Amino acid sequence: MTLFEDLKWRGLIKDVAGEEADLQKVLDGAPFAFYWGTDPTADSLHLGHYSSLCMAKRLANAGHHPVLLCGGATGRIGDPRPTAEREIISEEAVNANIGGIREQIKRLVPTAELVDNYDWWKDRSFLDTLRDIGKYISLNYMLDKDIIRRRLETGITFAEFSYMLLQGFDFVHLFQDKKCIMQVAGSDQWGNITTGVDLIRKMLDGQAYAFTMPLILDATGKKFGKSEGNALWLNKDKTSPYAIYQYLINADDNLVLDYLKVFTFLSKEQIEEVYAQQQAAPETRIAQKTLAWEVVKDLHGKEEADNAVMVSEKLFKGEFKGLSVNDILMGLKGVPNFEFKEELPLVDVLVNNGMASSKREAREFIKNNAISINGETVNDETKVITKDMALEGKILIFRRGKKKYFIGMI
């Protein structure tokens, strides 16, 4: 299977600037340089960026040269959002964010060449920009872009309106300086990348290529991202490897095949075999388990992926020893919790915090060995539950029966 055929099978080619047949010839032809960019709105990339990182690695594995742009200049403006203007980030924050992202890119796409568009924008005057770039793009052209049209009713600042000129010229600069003939981006960047293709043609009489990938959505139809409030960070100090594993292992059955294609480097045959096993025995969740392990392995290494499996299995069995509080809270996300204030006999703790409807019921639970604390069965109704029993001094985990959990927060 050629690179182009693989990308098509994975559903990774949405919109193409020009003819798809021309794109196919370039992708399956001689090595070339391409670029993908991100603005430094945080000090870490998140799972929403991961599909683009995977794309960069796929093209790099096929022999092409990735140039990854971190937008020190464009990040100071912010690309137009569908609903409202982005908050301006301080220069200090932009620079700190770039440092964090650079380290991640070096680790995740080691063959990538890293560039910052602030390097070529910082000395360019406003007059030069209008004269050398602005004259090639008409107002009608800019107003026709979908993201601009959607903002006209609510209002858009001149800074945001001009963003496409900045990103468009980035492509021109990289076309000249790095011999980048292709840009790859998410479908929400379509207007910006086609502006770059048009500028290369008008300013340099050059031929450039571009295509977009579909935006990857969660089960609620939202894209992964910071602005959507569902960011899963690629920095393990911000989001633990287990948290990513836990999120993906709970992926919707209707989405898991697409996620396997987009987020893993398994072959077509491997993915089809995993999915066939899933359909034959859905209760095993083999597709979700494979997806979660492969992603964590690629992001953080095999040891972290294996550890995430271990944590998941321990939590499923109700074993908490050796697990961190953060991993436990992630694994038991959504479980009822209460503030543990007063040290009382077990019966009273159960009744006072909604784990039993009466002292009689509480005693029945205890008598039948249905109550455990931190994974240990407790069958003494007079036992006083104290704060020093808390894991890491932070939480007490109560389980009633096999599946009903409650968390006492210290």
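Keep in mind that this is a model prediction, so the values were computed, not measured.
A centroid separation of 6.0 Å or more is found between the aromatic rings of F34 and H64. Between F169 and W120, the distance from one ring center to the other does not fall under 6.0 angstrom.
A donor-acceptor pair under 3.5 Å is absent between the side-chain atoms of E160 and the main chain of I156, judged by distance alone. No donor-acceptor distance shorter than 3.5 angstrom exists from the side chain of Q189 to the backbone of T212, with no hydrogens or angles considered. At least one donor-acceptor pair under 3.5 Å links the side chain of S44 to the backbone N or O of N235. A donor-acceptor distance shorter than 3.5 angstrom exists from the side chain of R151 to the backbone of G155, with no hydrogens or angles considered. Judged purely by atom type and a 3.5 angstrom limit, E294 has no side-chain atom pairing as donor or acceptor with the backbone of L291. No side-chain donor-acceptor contact under 3.5 Å links D327 to the backbone of Y242. The backbone N or O of T2 lies less than 3.5 Å from a partner atom in the side chain of E5, making a donor-acceptor pair. Between the R399 side chain and the I373 main chain, no donor and acceptor come within less than 3.5 Å of each other. Side chain of D22 to backbone of G18: no donor-acceptor contact under 3.5 angstrom is found. A donor-acceptor distance shorter than 3.5 angstrom exists from the side chain of Q104 to the backbone of L45, with no hydrogens or angles considered.
With salt bridges taken as basic N to acidic carboxylate O contacts below 4.0 Å, one links K321 and E376. The existence of a salt bridge linking K8 and E20 is confirmed by a sub-4.0 Å separation between a basic side-chain nitrogen and an acidic carboxylate oxygen. We find that E304 and K297 are not joined by a salt bridge, their nearest charged nitrogen and carboxylate oxygen being 4.0 Å or further apart. By the 4.0 Å N-to-carboxylate-O rule, K268 lies close enough to E272 to be salt-bridged with it. Classification of K302 and D306 as a salt-bridged pair holds, one side-chain N sitting under 4.0 Å from a carboxylate O. Between D144 and R149 there is a salt bridge, since at least one side-chain N of the basic residue sits less than 4.0 Å from a carboxylate O of the acidic one. Between R10 and D6 there is a salt bridge, with a side-chain nitrogen of the basic residue lying less than 4.0 Å from a carboxylate oxygen of the acidic one. Salt bridge status for K238 with D43: present, with a side-chain N to carboxylate O gap under 4.0 Å.
Counted by atom type alone, D253 and Q288 present one or more donor-acceptor pairs between their side chains at under 3.5 Å. No donor-acceptor contact under 3.5 angstrom links the side chains of Q167 and D170, judged on distance only. Remark: the K57 side chain and the T111 side chain contain no N/O donor-acceptor pair separated by less than 3.5 Å. Judged by distance alone, the side chains of Y405 and N337 never bring a donor and an acceptor atom under 3.5 Å apart. A donor-acceptor contact under 3.5 angstrom links the side chains of T386 and D388, judged on distance only. Checking T377 against N369 by side-chain atom types alone, no donor-acceptor pair falls below 3.5 Å. A donor-acceptor contact under 3.5 angstrom links the side chains of Q277 and E273, judged on distance only. Side-chain polar atoms of S52 and W36 form a donor-acceptor pair below 3.5 angstrom. Between the side chains of T41 and N97, no donor N or O sits under 3.5 Å from an acceptor N or O. Using a 3.5 Å distance cut-off with no hydrogens or angles, the side chains of D298 and Y50 do pair a donor with an acceptor. D128 and S125 form a side-chain donor-acceptor contact under 3.5 Å, judged by distance and modelled atom types alone.
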Carefully, step by step, assess L114 and L69 under the rule side-chain contact (heavy atoms from CB on, under 4.5 Å).
CA-CA 6 Å; L114 309 177; L69 181 152; over 6 Å; no
Test side-chain contact (heavy atoms from CB on, under 4.5 Å) on L396 and K387 and set out the steps.
CA-CA 8 Å; L396 287 161; K387 291 183 178 181; over 6 Å; no
Step-by-step side-chain contact (heavy atoms from CB on, under 4.5 Å) determination, D15 to F211
CA-CA 5 Å; D15 298 308; F211 69 95; over 6 Å; no
Report the C-alpha separation of Q183 and L174 in whole Å, then their side-chain angles, then the decisive distance to 0.1 Å, and conclude whether the side-chain contact (heavy atoms from CB on, under 4.5 Å) test is met.
CA-CA 10 Å; Q183 184 181 359; L174 293 176; over 6 Å; no
Determine, step by step, whether K178 and E113 satisfy the salt bridge (charged side-chain N to carboxylate O under 4.0 Å, His left out) criterion, reporting the C-alpha distance in whole Å, the side-chain angles of both residues, the deciding distance to 0.1 Å, and the verdict.
CA-CA 10 Å; K178 301 295 182 182; E113 182 177 359; 2.6 Å; yes
Intermediate values then yes/no, side-chain hydrogen bond (donor to acceptor under 3.5 Å, both in side chains), N326 and S240:
CA-CA 8 Å; N326 286 340; S240 71; over 6 Å; no
Quick one, T74 with N117, criterion side-chain hydrogen bond (donor to acceptor under 3.5 Å, both in side chains). Give me CA distance, side-chain angles, the key distance, then yes/no.
CA-CA 7 Å; T74 42; N117 60 7; 3.0 Å; yes
Please test Y35 against F171 for ring pair (Phe, Tyr, Trp, His ring centres under 6.0 Å), starting from the C-alpha separation and ending with a verdict.
CA-CA 8 Å; Y35 99 92; F171 200 175; 5.6 Å; yes
Verdict with supporting geometry, Y141 and D198, side-chain hydrogen bond (donor to acceptor under 3.5 Å, both in side chains)
CA-CA 11 Å; Y141 176 94; D198 289 341; 2.5 Å; yes
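Residues L27 and Y209 have side chains not in contact (no heavy-atom distance under 4.5 Å, counting atoms from C-beta outward). Using a 4.5 Å heavy-atom cutoff, the side chains of F338 and M355 are in contact. Side-chain contact between I410 and K394 is absent, with no heavy-atom pair separated by less than 4.5 Å.
Under the 6.0 Å distance and 45° angle rule, R76 counts as a cation-pi partner of Y118. The cationic atom of R58 (NZ for Lys, CZ for Arg) lies less than 6.0 Å from the six-membered ring centre of F265 and within 45° of the ring axis. A cation-pi contact, defined as under 6.0 Å to the ring centre and within 45° of the axis, is absent between K145 and Y163.
The environment of NZ in K202 is crowded: more than 12 heavy-atom neighbours from other residues, nucleotides or ligands sit within 6.0 Å. Around the CG atom of N368, the shell of radius 6.0 Å holds more than 12 heavy atoms that belong to other residues, nucleotides or ligands.
Here the CG-CG distance, from L204 to L199, works out to 9.0 Å after rounding to the nearest 0.5 Å.
Minimum interatomic distance between A210 and I193 (heavy atoms only, all atoms of both residues): CB-CD1, 3.9 Å. Of all non-hydrogen atoms in C70 and I101, the two that sit nearest each other are SG-CG2, 4.0 Å. The shortest non-hydrogen separation linking I286 to Q278 is N-OE1, 3.0 Å. Between A362 and L350 the shortest heavy-atom distance is CB-CD1, 4.0 Å. Across all non-hydrogen atoms, the minimal contact from E392 to V325 is OE2-N, 3.1 Å. Taking each heavy atom of L3 and A62 in turn, the nearest pair found is CD2-CB, 3.8 Å.
Between F158 and F126, the two ring planes are perpendicular [angle over 60°; tilted spans 30° to 60°].
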